[in-house]
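In what follows, a single structure is set out as C-alpha cells and then discussed.
For ligands, and for the atoms within them, numbers begin at 1 and follow the listed sequence. The analysis underlying the following values was restricted to heavy atoms, covering all of them including side chains, and did not include hydrogens, waters or symmetry mates.
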Amino acid sequence: MTKGPKALQKEITEGIQKQRDFFQSGKTRSYEFRKTQLKKMQTAIEAFDGKIKEALYKDLRKSETEAHLVETGFVLNEVKDTIKNLAGWMKPRRVKTTLFHDVGSSAIIPEPYGNVLIISPWNYPFQLLIAPALGAMAAGNTIVLKPSELAPHTSKVIKDMISKYFSPEYITVVEGGIPETSALLNEKFDYIFYTGSTHVGRIIYQAAAKHLTPVTLELGGKSPCIVDENTNLKLTAKRIAWGKLINAGQTCVAPDYILIQKNIKEEFINLVKKYWIEFYGNKPEDSEDYCRIISERHFDRLVNLMETSGTIVHGGEIAKEDLYISPTLLDEVSPDDSVMQEEIFGPILPVLAFDKTEEAIQFVNNRPKPLALYVFSESNGFVNQVLENTSSGGVTVNDTIMHIANPHLPFGGVGESGIGAYHHQASFDTFSHLKSVLKKGFRVELPYRYAPFAKNSATLKFLAKWLN
Ligand code: NAD
C-alpha cells in the first residue's frame, strides 16, 4: 500500500532529523570515519557488482562490459582515488596574510555542509547517484540518496546495498518519483546535488531557494559536434559514431547534432553508417551491446522527432514492444525541425552543413549553452576559433565524451546546462564549505585602526594602499 502524503512527509522529516542529530554528534568529521566509510563503500560495490549489472541490464539492456566501464568500474576508480587523496584534500589550504593584518596566519579550511540531498536520473542510474555520494562522504556529510524511479531495478539494488552497509542516520535511500522528491524538497537540506533535465532543474532550484540551500545542478542540453574539412574524417566519424550510441544515445554528453563543412558531409554520413554497422551489425536489435530506450514515453517522443524532421538516410527501424530504435541518421535537417528544438537523448543523429566557421559558431551561440561541445580539426586555428568564441560546460577536441573520463577535469555545465561541477577533488570541494580563517595573536597591536581617525588618517591611508 502506498503511503499518504502526510505519512510520507512525517517519515521523511523524522529520517532527516536523525541524520541532523548524527551530523551534530560530530562523528562524520574525522578523517578516520570518512576513510572507513569510503572503504566500506568500495567493499559494498565490489560485493554488489553482479547484482548492479543485472539490474542495469533489466532497466536499460546495458551490456556487462558497458555497465562496467560507465557505471561500477567508473565509480570504483573514483572511490579508490578519493581514499588515496582524502587526507590531502582535508588539509587547511594556507594562503598569504597581508601586512595590513599585522602578524597572523590565513587558511581556507574545508568543512562539511551537514545534511545533503543527491537526486539522480535514470540514464546512468548507478554512477550518477554514487559518484557524487563519494564526494559528499569524503567531505564529511550525512546523505539522503534519491535514485530515479525510471530505473526501478537499479534503484532497488542501490537501496539494498546502502541499507546493508550503512546506518540510515549516515546514508539513506529514499526511493520513488515526484511525490517522494517533492516531500524531500519540502525539507531543509544544507546542500542539494541534482542531476537530470533542465526542466526539473528549475523546480529543484526554486525549492532550494526557499531555504537558501546551495545547489549543484548537473543538467542537459544539445551538445554539438563541429567538424572542419581539415580533419581526419575516418577517425572523426568513428569517434562520433561511438559517442552517439553509448547507452543508445541516452547520455547527457552524447553528440546531439553535427555541424559539418558542406563539402565533406556526404563522405561523413557514409562513414558513420559504415562504423555503426561495424559496431552493431546489420541487425542492431540482435547486438548484445545495443541498449534500449528507457520508457514508452521517451520511445514515442523519439519516434515523433524522427518522423517530423529532415530525411532518414540510415536506420529508422523501431519496435515498440522492445523499446528498440535503430541507430538513425538524419540529413536535410532544418534548424526549425522538431529534432533541433530539444535535447534528443536517443540514437538519432541529425547532420547540418555550414560553409564558413563563423556560421557554425553563430549557430551554437544562438542556442542555450551546451553541456559539452566537440570540435574536430587538425588546424589549431580552427580549434582555437571555436574554443574562444563559444561557451559550454566542457569540450573534447577531436573526440567525444572523453573529457568526462579524465578525473582531473571538473565536470559540469554552464547556463542552462548547469551550475557547479564535480569529479575527483571538485567533488570534495563541492560538498565542502571552504571556510576562510584568519588567526591572530595578541603580541602585536597596531593602534592606527581605532577612532578617533583624524590623527592616524595619513598612516591608515598609507597602510590601506601599500600593505594589501
Ligand atoms: P528527470 O529530470 O526527469 O529526473 C531526474 C530526477 O528528478 C529523478 O530522480 C526524478 O524522480 C526527479 N523528478 C522528476 N520530475 C520531478 C518533479 N516534477 N519534481 C521533483 N523531482 C522530479 O531527468 P531524467 O529524464 O531522469 O534524465 C534525463 C536528463 O538528465 C537529460 O536532460 C540529461 O541530459 C540530463 N542528464 C544530465 C547529466 C549531467 O551530468 N549533467 C547526466 C545525466 C543526465
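Using modelled atom types and a 3.5 Å distance limit, the side chains of Asn389 and Gln385 yield no donor-acceptor pair.
Near ligand 1, residues Ile119, Ser120, Pro121, Trp122, Asn123, Leu128, Lys146, Pro147, Ser148, Glu149, Ile178, Thr181, Tyr194, Thr195, Gly196, Ser197, Val200, Ile203, Glu218, Leu219, Gly220, Cys252, Glu343, Phe345, Leu371, Phe411 come within 4.0 angstrom through at least one heavy atom.
Comment: Asp160 does not engage Lys164 in a salt bridge, judged by the lack of any side-chain N to carboxylate O separation of less than 4.0 angstrom. The residues Glu175 and Lys159 are annotated as not salt-bridged, no charged nitrogen and carboxylate oxygen being separated by less than 4.0 angstrom. A salt bridge is defined here as a Lys NZ or Arg NE, NH1 or NH2 lying under 4.0 Å from an Asp or Glu carboxylate O, and Lys84 with Asp81 fails to meet this definition.
A pairwise comparison of heavy atoms in Glu180 and Val174 identifies CB-CG1, 4.2 Å as the closest pair.
Using cut-offs of 30° and 60° for the angle between ring planes, the His424 and Trp89 rings count as perpendicular.
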